[in-house]
J.: 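First the structure, which I've put down as structure tokens, then a few questions once you've had a look.
Because the structure is predicted, anything quoted here is derived from the model rather than measured. Atoms within a ligand are numbered from 1 in the order they appear, just like the ligands themselves.
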Amino acid sequence: MIKIGLLGLGTVGSGVYSILEKHKENLKSKVGTELRIEKILVKDIDKKRDIDFDKALLTNNVEDILENPEIDLIVELIGGEEPAYQYIVQALKNGKAVVTANKLLIARYGQEIMGLAAEKGVSVSFEASVAGGIPIIRPLRESFAANKIERIYGILNGTTNYILTKMTEEGQDFQLALKEAQKLGYAESDPSSDISGTDAAYKIAILSSLAYETAIDIKDVHIEGIENIEIEDIELAKELGYLIKLLAISKFTPDGIDIRVHPAFIPEYHPLASVNDVYNAIYLYGDSVGDVMLYGQGAGQMPTASAVVADIIQASKEIYYGSPDINGHIYKNDHKVKDISQVHNSFYLRLQVKDKPGVLARIAEVLGRNQVSLASVIQKHRYAPVVPIVLVTHQVKEENLQKSIAEFKNLGEVIAINNIIRVEEL
Ligand SMILES: NC(=O)c1ccc[n+]([C@@H]2O[C@H](COP(=O)([O-])OP(=O)(O)OC[C@H]3O[C@@H](n4cnc5c(N)ncnc54)[C@H](OP(=O)(O)O)[C@@H]3O)[C@@H](O)[C@H]2O)c1
């Protein structure tokens, strides 16, 4: 029998409890022995809960779990940094295997936690930390192990994907789409981590660390959110044959890892363009396997619990048969992250300019001097004092584009720079 200590009985914890109860017999035959929840840590023992469970399992004293020698496996579903970090460290020090869904902890302390686990001869698993129900952590470690992963593109945040889908398909503005996402429970009351791109950044940092076996510091990930996307940008993207998605990007290049999260124009025919609503997807390229796309529900109670229980099954087998996978996660390399100023991209720029002769020539002169060449120019309305123009550049070094933008700000003809969005041809 494998005895489990569950830390947290909230959204995901309740889902995990239900699956372990509902599929008890099936799981027993899969693992070869019974999986039993021995204790459950919660903050408030008296809280009313929606699931049927044995109340005698509840405790609010973590020592009942972490210092219980009978417990083999800890499942951390509290979330956040503290006390989850301390609990995981203490569990590992006491020789217990750990399963967690906590992206923040793995992105910030993955290297240290995995090192400690290896030292203690136990495993740490975190399938649910990225893209909820979509299997991607184990595939990166096992199914794609024969590959050098060269690039990963992810739609890794359901809330922002829902908002952008509503803006694209129904013409809703950002605030209205966000309110609807909150009403439907897709966005938290404080949605800042989703909207700002931070949530997706933690996830792409974890995927990149595994893919390139190098610890990525979240501080090195360039992050931009979707808060400045306007309906005009969505409409212009369509006109140019693109859709706007919040894209998490990671590319292994000879001069460093290019890792970033930002809204991007992607071609309307690309498979990622059809990933809508709260769905997530990961599109990667490995040198042997070629292009692969994984698609599914990136959050939610049962999809996330499904990934957690898969980890529990694997970790339990390893404990039961005495063969923990302690080496699979250790990052062996020290690749550097490329500074965003050195990354090449094509850009969409939406400006407001004075409608008078020679304006376009002045703008083109600034761009040309900074080695930025134009792929297309759209000028829609005429005969008004101020008109919008849209420029799309060829591939340029980001620092050259930024120099041009700085010069635009001093040009009397440029009234406003409404938006700058990278174009990813994928
Ligand atoms: N929800 C999702 O769709 C989703 C998707 C992917 C990953 N995740 C990750 O899964 C983890 C759990 O998320 P969740 O949505 O299930 O969270 P949640 O609903 O807020 O549940 C948290 C649980 O932890 C308990 N808890 C919190 N702080 C505690 C403390 N200091 N001591 C003891 N118990 C404590 C709470 O106890 P009480 O019940 O007594 O309040 C609650 O049972 C997070 O790392 C999250 O990022 C969630």
J.: Restricting to side chain to side chain donor-acceptor pair (under 3.5 Å), what partner residues turn up for E399, sequence neighbours left out?
T.: Q342
J.: How long is the straight-line distance from OH of Y212 back to CD1 of I259, given to the nearest 0.5 Å?
T.: 7.0 Å
J.: Under 6.0 Å from the ring centre and within 45 degrees of the ring axis: does the NZ or CZ of K55 meet both conditions for the six-membered ring of F53?
T.: yes
J.: Output every pair passing salt bridge (charged side-chain N to carboxylate O under 4.0 Å, His left out) with a member in residues 159-178, not counting sequence neighbours, ordered by first then second residue.
T.: K166-E170
J.: Looking at D52, I'd like to know if its CG atom is crowded, meaning that more than 12 non-hydrogen atoms belonging to other residues, nucleotides or ligands lie closer than 6.0 Å.
T.: no
J.: Restricting to side chain to side chain donor-acceptor pair (under 3.5 Å), what partner residues turn up for E127, sequence neighbours left out?
T.: none
J.: Dump the pairs for me: ligand 1 N or O, protein N or O, distance under 3.5 Å, to 0.1 Å.
T.:
| residue | atom | partner | partner atom | Å |
| --- | --- | --- | --- | --- |
| ligand 1 | 3 (O) | G300 | N | 2.8 |
| ligand 1 | 16 (O) | T11 | N | 3.2 |
| ligand 1 | 16 (O) | V12 | N | 2.8 |
| ligand 1 | 19 (O) | T11 | N | 2.9 |
| ligand 1 | 19 (O) | T11 | OG1 | 3.1 |
| ligand 1 | 34 (N) | K43 | N | 3.3 |
| ligand 1 | 37 (O) | K43 | N | 3.2 |
| ligand 1 | 39 (O) | K47 | NZ | 3.2 |
| ligand 1 | 39 (O) | R49 | NH1 | 2.7 |
| ligand 1 | 39 (O) | R49 | NH2 | 3.3 |
| ligand 1 | 40 (O) | K43 | N | 3.0 |
| ligand 1 | 40 (O) | D44 | N | 2.8 |
| ligand 1 | 40 (O) | R49 | NH2 | 3.0 |
| ligand 1 | 41 (O) | K47 | NZ | 2.8 |
| ligand 1 | 43 (O) | L9 | N | 2.8 |
| ligand 1 | 43 (O) | G10 | N | 3.0 |

